[in-house]
Amino acid sequence: MESFLVATHLSSLNSSPTTSIPIQTTRRHLPLPPASKESDTPAEHAIYTSILNTPTTGTILLRLIHGGLIIELVSLSIPLSPMRLVFPALILPSPAVFLWDTTGLHILAVTDAGSLHRVVIPINGRNLWQDQLENVWYREYTLRNFSGNAEGCFAHAQGTHCVAVSMPNGSLLRLEADFVGYDGHEEEWTETLFQQNSFLSSLTAFLPALHSSYPNGADIISIATHPWPTDIGHVWTLSRDRTLRLWKAKLGCVASRTLAFPSQRRDATPSSGNVKAHSLLSENHQTLLRVFSATSESIYVLVFIPTILSPSSGGSFCIVDTSADHFQEVCNLECSARTAHCHLQDFLVSGDTLYTLWDQQGRSTVERTNINIQELKGTNCTPFWRTSCYVREAEFTPAYMEEQLLSCGSLTEKYLGVITKPGMFSSLTLRTAIDQYMDACLSLPGPPPPQLLITYPTICENIAAVVGCTVTLNRDPQTGTFQHANYWTALKRDWEGFIARCREVERSARWPLVLGAQGFDEIIVVERERAGCLVGEDLPIHLQRIIIQETTPDPQYSLLAVLWALRARLGPQIMSSVENRSAEIMHQEIAFSFADILQDQTRQISFKDNLDEGSASWFLGRLQSVGNIDNAIRVALDAIGDFDLAVKREDDESSLLFPSSLSEWSRGLAAAYISTTMEARYELCLSLITLLFFLSDELIVWDASLLAEIFALFRGVAILRYVSGQPAESVNGDHSDSSSPDDVIARMRNMNVSQQKAPFASKSSLFHLLLAHSADPSGVPAAAHTFLDATGLLQSLSPAHVTKCEVMFCERLRALGFLEVTRECLSWLPRTPAAIFILARVWLQMGRADDASQLFEKIAGTFGPGITTTHGDFEALSAVLPAASTTQSEFSFYLHVSGLFKSELLVQHEVHFARLAISTAPSSADTSFLWSNVIKGLLDLGLYEDAYASIMATPYEKQKRECASQLAIRMCEENAVERLMTFDFGGISDEVASALSFKARNVESHFRICYAKILYAWYVRRGDFRNAALTMYQRAQKLKDVVFDSPLFLEAANEQLDAYSIAINALSLVDDTAWILTPVVHDSSHSKKRVSKYIPESKYISSKYDAEIVHLADMQHEYAILCAQVDIIKREPSVIVSPDFLISPTLIVMRLAHANLYTQAMATARSLKIDMTDLFAHLTNQCVRLTREPNLVMQQDTSDWLLTDKVSTWANTPSDRGWRYLRQSLERHDNAETDWRYAKSTLETILSLDRSLPPPPWLIQMLENRHQEYLIRVSLRYENIDDAVMHALALLRKSDTALQQDSSLQNSSSTWFPYALIDQVLIAAAAQDAPPPHLPLLHTEITSRIKRLQKSIQTARH
């Protein structure tokens, strides 16, 4: 079997961002690189590539990108972020990378500014430059013999210490490193400029045949050296005039030979005239030389001479022996006719095989032939070339695009599926094309469509939204109807234009660049944006190739060739119908035999009507020539379903001991190989399906198992083909953000790069991800076959059954996140329990929870008692269920499904299946966690009645109490208090009360939920008024913390007043003594007691906390104080700015008094039980002022205390009304309890203000009746002797009257009299200049009283 090429895009290998390192230069004023043009190669496409393959490093690509400004290193062997070196000037072809002493990579590059750069990258084995970014160093050497014009110059590095640079006019500059710049030292290089006439100048002057007479004919276009590492320091060059030269390190050019064109080699004696008759080679740098050794002593140069205009071949190879410092042609090898008008890109010699890489109209083609130097010497044989190329892909012709629209789906969906098919276009190509398309749309006149201004998360979404956004649906100007036909035509043309852009970019991406060898026999082909290799064909690919080429296959496969011809005769439309009908059969339940189904489908699509009688008879004859159709079909089935290249793991014990995974590049190649082989197998299998439609009338006598096997194979092949055509971009969250030190440094360094950032890489194929954990067998075909064989999709014998392997394949797709792909694959399988389970999980992840729930409930019946399941179905179901759910138990299954819904945060369905699990739980099972999940789920759903019912139904007492508290708190938080109050909580109501009490005590008072009010309602509903009062009283105390905060005073004070009022009302309803017991927490750090301090539950138990009894009167007193404080602040808002705005009750009364609010002041003082002495003194003062200056007082006094409804109705003057108001106030508030001190204060105030003003008679009378002694004393105090004598006389007469009533003198109070006070009156009166008029009378009555008392005493003794 032949070989062919498979490749993968480099942009799909690494999803992590690249690491960029700017290379600095000592040169000044370097010109900027030329601006890119639209016709230039895309920046991310390489213009030059070299390959380094060593056992230490694996395979590394050196790519020259961004027009020659950046060198990129890409590892094909390990998953490692690429490294980019950004140079200050354009790099000349061709930079090189070498491994030095297994410790570092040396990169040598010469720029067009005349600088030689060495970049040293330390490596750590196969980890290469990972974690080595900080250790990268570089040196720059300025070439002294380099002219300013670098046009036509290029460099070739022989190794780490030698570089050859081509110079104008055929000169060669050789640089040899004397000292490498380690440890910060500068590098030292020795430059030697060799002219082509050095050493042989005297000879070539006399040999015209050896001297070029063409202008620029001596310019070097190719340089080669012996493969490194080597001790051979020679350099071979080829100039435009086909002159091969050998340059030695010290001597320069020591040998030269002009090679003839292939047409000249056929002449026996070529002449110099013939040499001159041919044109020069292209002036561009080309790979035309290769140096190799057949033995240790021989050195051969393989020279390619192109003949682009030749119709017979692309050129020929000349093998030249240079062992003796002179040239001797060994033989010439003519290229094959297939290379005519093709361009040779690269070639190499590996062993005895010559490999050539050709650019064949934009497609890579590899030709190889065996070369044996000993056999080829002296001969001009025609070699046998074996050609390898890519399997032919579909061309996007109009006919092909129309064919895509035959199946169901929208135009956008179909075209998007075509361009996103793995391997067709890379993500870089699609991104470049869509950017170009958007730029073209934005350049159109008018406002841009909104689709162009949106950022899209994926390339697919971007393309689907943007392409066609400028196409509009217009109306016919005459009829006004929509022109749908024109719209669809324009939309299709727009899509075709975008696809043309993609093809143009991809054509550049597939431009071949270089060949390389990996290992002994693996040949690598590197293109601008792809890397591939030569692989061997498997049997299906081989059969498809020879059938397409109309080559006669092996006789046992002749049936496939006949069927291929039948398909060609039927045409694409009928074959599309056959394909669709066959897929429909697999997507439906099989209720009839395949023979009946096929007969019906054949009639429906009129299959045989598309063949005339002659064609049908001819094909029947061809089928008869095949022989036994049954055996031929079985042979074809074996060929399609066999994986002969698969590595059997049991036969390779070493792979079990030392497993190794495929590299990213190998996985990409294996995915491409899988796509190729599955496409071939699908086409061959579809040919067998076509045979069944063609012979549908005869199928009734066929073996039913054979028909089942054909459709089972078709199903497996179709699934694999479908998956191989799926891109990997649809996976959710596939790219993770790396935060390693290298990535951080890379991001920082990328800020120095002005070029456009490379697009984010994405895996091109879904199989690329599926191969992630596959082992690394020998070769890409073996890896692909091993993986396909492990899927087991082609091992089924009947489409009526589902194997464990098929189920596991779908489950793996689902686990990777490709839900739509999984759903499509499951649609091919019968509805077995395992398939339904995976489909349910797909619906679950896609958000279709109701559909998933319905399917899960259907599967649960599989575990019911008395239900039998086949061994295969049970094994498949067990494979996708966790180990704990594999037993035949509905309980374990419901438990698992409930956990699935829980992981997706679908509470409703989680609760549903948790309930089902409880209902089917064995008696010995612990279901406490299920009850907890049910209750919490119902709480989250707001189904509080159901949650309450579940709480009361749970058999676990501890859980019941915990959940009851949770329910109460949740309902409070969700404003469902009224519903909470309707729940009885029989037996556990104390838990609810405890939970609410804890919240009421410890939640901040300004929290949106007032737990105190809720707890109050809870207690009131249950008739517990004492605890209800306690709750609100504690809230009032807690609000004191906020009341002390002046900005929130009024709001908090009103709430505190409400709390006090509610507590007072509740406590008033208590039948027995109205008191409550509150805990006391001692806190010496605060001068004020703050009840809102956290009270531990242990201290709150009645037997442990320090208690304080609060009576109803205490509450009322606190309520009154707060009311007064609030009223003062409302009247005087400026008070609140003071730090001590909460004034004492006494000051409150006086503030009211000073505001002339005497009625309110007296009421406040009486409710707070505050002495009103000062208050009445102030009121008396106002009355005195009214008496003295009534008009002035009324003008200054803006209060309305004399203008109230009651006072204003009194007659007389304001002074009279004032004194009357004072009198009534004293009568109301002054009594025996106050010892008439308010009246005393009034009298003293009057006397102190104005002694000339007589006190009101009613005031004197009030005191005479109760405290006449006080009148005497106050008169003496204020030196009013006349009044003192009068009051003493009145007191004496009053005492005499009492004495006369108690003649027996039994009562001591009747005989008591303040004689000392009377003496003071008499002394004061005697001291007066003018004795009081009643003084004699006082003397007389006192004398008379004494005599009567003495007489009464003597009488009483006898």
Side-chain angles (χ1 to χ4, degrees), residues 935-936 938-940 942 944-945 947-948 951 960-985 988-1045 1048 1051-1067 1069 1076-1081 1089-1102 1105 1110 1115 1118-1119 1122:
I935 295 171
K936 291 179 180 178
L938 292 173
L939 290 179
D940 293 337
Y944 302 122
E945 288 78 6
Y948 172 73
I951 290 173
K960 179 185 296 186
R961 292 181 172 274
E962 292 176 354
C963 293
S965 302
Q966 296 174 7
L967 173 62
I969 300 303
R970 176 63 66 86
M971 294 185 71
C972 294
E973 293 174 350
E974 299 299 330
N975 197 22
V977 178
E978 294 183 3
R979 296 160 66 185
L980 173 64
M981 296 303 162
T982 61
F983 297 157
D984 183 68
F985 291 99
I988 56 173
S989 60
D990 56 330
E991 287 292 333
V992 178
S994 177
L996 294 176
S997 176
F998 179 83
K999 284 288 188 177
R1001 296 193 312 272
N1002 298 298
V1003 172
E1004 292 293 333
S1005 56
H1006 59 272
F1007 193 62
R1008 63 181 182 86
I1009 302 173
C1010 184
Y1011 285 99
K1013 294 181 180 180
I1014 298 173
L1015 183 60
Y1016 169 81
W1018 175 271
Y1019 284 130
V1020 169
R1021 185 175 288 269
R1022 285 157 178 76
D1024 190 353
F1025 299 110
R1026 192 183 302 278
N1027 281 326
L1030 173 63
T1031 300
M1032 295 310 295
Y1033 179 75
Q1034 287 180 335
R1035 171 170 172 76
Q1037 295 297 310
K1038 189 175 183 179
L1039 286 170
K1040 284 186 177 180
D1041 290 338
V1042 183
V1043 169
F1044 285 126
D1045 188 5
L1048 302 176
E1051 180 181 356
N1054 290 329
E1055 293 184 13
Q1056 190 178 7
L1057 288 174
D1058 293 340
Y1060 277 128
S1061 177
I1062 296 173
I1064 291 170
N1065 293 337
L1067 192 58
L1069 297 176
I1076 59 174
L1077 199 65
T1078 61
V1080 176
V1081 178
K1089 181 180 70 175
R1090 300 200 177 192
V1091 183
S1092 61
K1093 180 179 176 63
Y1094 170 75
I1095 303 172
E1097 194 70 23
S1098 59
K1099 290 286 290 182
Y1100 197 73
I1101 301 175
S1102 60
Y1105 62 76
V1110 178
M1115 292 186 188
E1118 294 183 22
Y1119 175 79
L1122 185 59

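Every heavy atom of this structure was used, including side-chain atoms; hydrogens, water molecules and symmetry mates were not. Just so we're clear, the structure is a prediction, and the values are computed from it rather than from any experiment.
Within the structure, side-chain hydrogen bond (donor to acceptor under 3.5 Å, both in side chains) pairs that include any residue of residues 967-979 comprise Asp940-Arg970, Glu945-Arg979 (at least two apart or interchain).
For the side chain to side chain donor-acceptor pair (under 3.5 Å) test, no residue two or more places apart in sequence or in another chain qualifies with Glu962. For Tyr1011, the side chain to side chain donor-acceptor pair (under 3.5 Å) criterion is met by no residue, not counting sequence neighbours. In this structure, the side-chain contact (heavy atoms from CB on, under 4.5 Å) partners of Ala1017, at least two apart in sequence or on a different chain, are Met981. Among residues two or more places apart in sequence or in another chain, the side chain to side chain donor-acceptor pair (under 3.5 Å) test is passed with Gln966 by none. A search for ring-ring contact (aromatic ring centres under 6.0 Å, His included) contacts involving Tyr948 returns Phe983, Phe985, not counting sequence neighbours. Qualifying side-chain contact (heavy atoms from CB on, under 4.5 Å) partners for Ala1066, counting only residues two or more places apart in sequence or in other chains: Tyr1016, Ala1028, Ala1029. For Asp1058, there are no side chain to side chain donor-acceptor pair (under 3.5 Å) partners two or more places apart in sequence or in a different chain. Applying the salt bridge (charged side-chain N to carboxylate O under 4.0 Å, His left out) criterion to Glu1055, with sequence neighbours excluded, gives Arg1035. With sequence neighbours left out, the side-chain contact (heavy atoms from CB on, under 4.5 Å) criterion links Leu1057 to Asn1054, Tyr1119, Leu1122, Cys1123, Val1126.
A cation-pi geometry, defined here as NZ or CZ lying under 6.0 Å from the six-membered ring centre and within 45° of its normal, does not hold between Arg1021 and Trp1018.
Within the 3.5 Å criterion, the main-chain N or O of Leu1015 finds no donor-acceptor partner in the side chain of Lys999.
Shown here for Leu1030 and Leu1077, the closest heavy-atom pair between the two residues is CD1-O, 3.7 Å. Across Thr1031 and Ala1012, no two heavy atoms sit closer than the pair CG2-O, 3.3 Å. Contact record, Arg961 with Asp990: NH1-OD1, 3.3 Å, taken as the closest heavy-atom pair. Of all the heavy atoms in Leu980 and Cys972, the pair that sits closest is CD2-SG, 3.9 Å. The two residues Ala964 and Ile988 have their closest heavy-atom pair at CB-CD1, 3.6 Å.
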